[in-house]
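The next block holds one structure in the form of structure tokens; read it before the comments.
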Amino acid sequence: MNIAIAGYGRMGKKIEMVCREKGLTVVSTIDMMAQEAKYSEINAESLSGVDVVIDFTYPDAALENISKYVHHGVDVIMGTTGWFDKMEEVTAMVGDTIGFLWSGNFSTGVNIYFRIVRAASKLFDRFPDYDPMLYEIHHNQKKDSPSGTAEMIGAILLEEIGRKNRGVTEKLDRQIAEDEIHFASMRGGHYHGTHSVQFDSPVDTIEIKHTARNREGFARGAVDAAQWLHGKKGLFSIDDYIDSIMG
Ligand SMILES: NC(=O)c1ccc[n+]([C@@H]2O[C@H](COP(=O)([O-])OP(=O)(O)OC[C@H]3O[C@@H](n4cnc5c(N)ncnc54)[C@H](O)[C@@H]3O)[C@@H](O)[C@H]2O)c1
């Protein structure tokens, strides 16, 4: 399997390292800015002989990049975020022309964590004494809050716990309402991403926590997903890949 890496930034470089470790062939690195990339543009030349492109570029480039991959018939692992509101457009564009797998978080651990939180939430839905809440911590360079991952965890809590209808991300200067869940964000230091869900009762606390040690988890998940996608056609999410492992 010949791999191209589009976006030779922090993630692109980690992905190349993981491919090397796994003995996979990276035939092309593409970046419009990074001098050390082999190519500066996504085109016929940089995609020549490529089976799967792993894209971690910029949100505003995502749609144009996808249309180029479709045009050149190259399968895609889409790690770039910020285009999910265009999912319908992308689904129509991809059809069954290429294999396309996307995720807002490629870390295998986080995807397992999502499933643990969902299972726990289903349990706590039956035990109203346990009040759910969520906090996340990220490094001091992160530009947004809450994290996309926290939003995904929050959505799971709200889907599964019937007595909760709304997530509150802002600072609370009032008592929290009974049907609200507080999602808090902290910024500082070098955290690569810590997410913690707590279910708190009058007598105890159950905490489910995921801590990323580095960005490697995202890269490993993306490369594993590329190997899974090879030879498939159509649009897939990371859930399809995790489901295939679950059997
Ligand atoms: N899905 C996940 O698991 C996951 C994990 C981490 C980061 N991300 C996302 O991946 C993206 C990249 O993150 P990063 O930390 O590597 O960013 P980065 O800024 O370090 O690297 C992005 C690189 O892409 C290049 N680039 C942008 N548009 C391009 C284009 N059209 N053609 C060629 N090169 C282009 C830039 O020059 C830059 O070098 C972001 O959207 C981020 O949110 C996703």
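Counting convention: from 1, in listed order, for ligands and their atoms alike. Here, residue 1 is the first one in the sequence, and each next residue gets the next number.
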(request) Please write out which residues are connected to Val168 in a hydrophobic cluster, directly or through intermediates, given that two of Ile, Leu, Val, Met, Phe, Trp, Tyr count as joined at side-chain heavy-atom separations below 4.5 angstrom. (result)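 Under the 4.5 Å side-chain rule, Val168 groups with Leu172, Ile176.
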
(message) Can you list, by chain and residue number, the hydrophobic cluster partners of Met33 when the side-chain cut-off is 4.5 Å?
(response) Met32, Tyr58

(message) Quiz question: by atom type and distance under 3.5 Å, do the side chains of His210 and Thr194 form a donor-acceptor pair?
(response)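 Short answer, no.
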
(message) What I want to check is whether the side chains of Tyr135 and Gln198 have a donor and an acceptor closer together than 3.5 Å.
(response) no

Pairs of nitrogen or oxygen atoms, one from ligand 1 and one from the protein, closer than 3.5 Å: please tabulate them with distances.
from     : atom 1 : to     : atom 2 : distance (Å)
ligand 1 : 1 (N)  : Gly79  : O      : 3.1
ligand 1 : 1 (N)  : Ser103 : O      : 3.0
ligand 1 : 1 (N)  : Gly104 : O      : 3.3
ligand 1 : 3 (O)  : Phe106 : N      : 2.7
ligand 1 : 15 (O) : Arg10  : NE     : 3.3
ligand 1 : 15 (O) : Arg10  : NH2    : 3.4
ligand 1 : 15 (O) : Arg215 : NH2    : 2.6
ligand 1 : 16 (O) : Met11  : N      : 2.9
ligand 1 : 20 (O) : Arg10  : N      : 2.9
ligand 1 : 20 (O) : Arg10  : NE     : 3.2
ligand 1 : 31 (N) : Asn65  : OD1    : 3.4
ligand 1 : 34 (N) : Met32  : N      : 3.2
ligand 1 : 37 (O) : Asp31  : OD1    : 2.7
ligand 1 : 39 (O) : Asp31  : OD1    : 3.3
ligand 1 : 39 (O) : Asp31  : OD2    : 2.6
ligand 1 : 41 (O) : Thr81  : N      : 3.3
ligand 1 : 41 (O) : Thr81  : OG1    : 3.3
ligand 1 : 43 (O) : Thr81  : OG1    : 2.8

(request) Classify the angle between the aromatic ring planes of Phe100 and Trp83 as parallel (below 30°), tilted (30 to 60°) or perpendicular (above 60°). (result) perpendicular

(message) Filter on ring pair (Phe, Tyr, Trp, His ring centres under 6.0 Å), then keep only pairs touching residues 221-247, sequence neighbours left out; what's left?
(response) Trp228-Phe236, Trp228-Tyr241

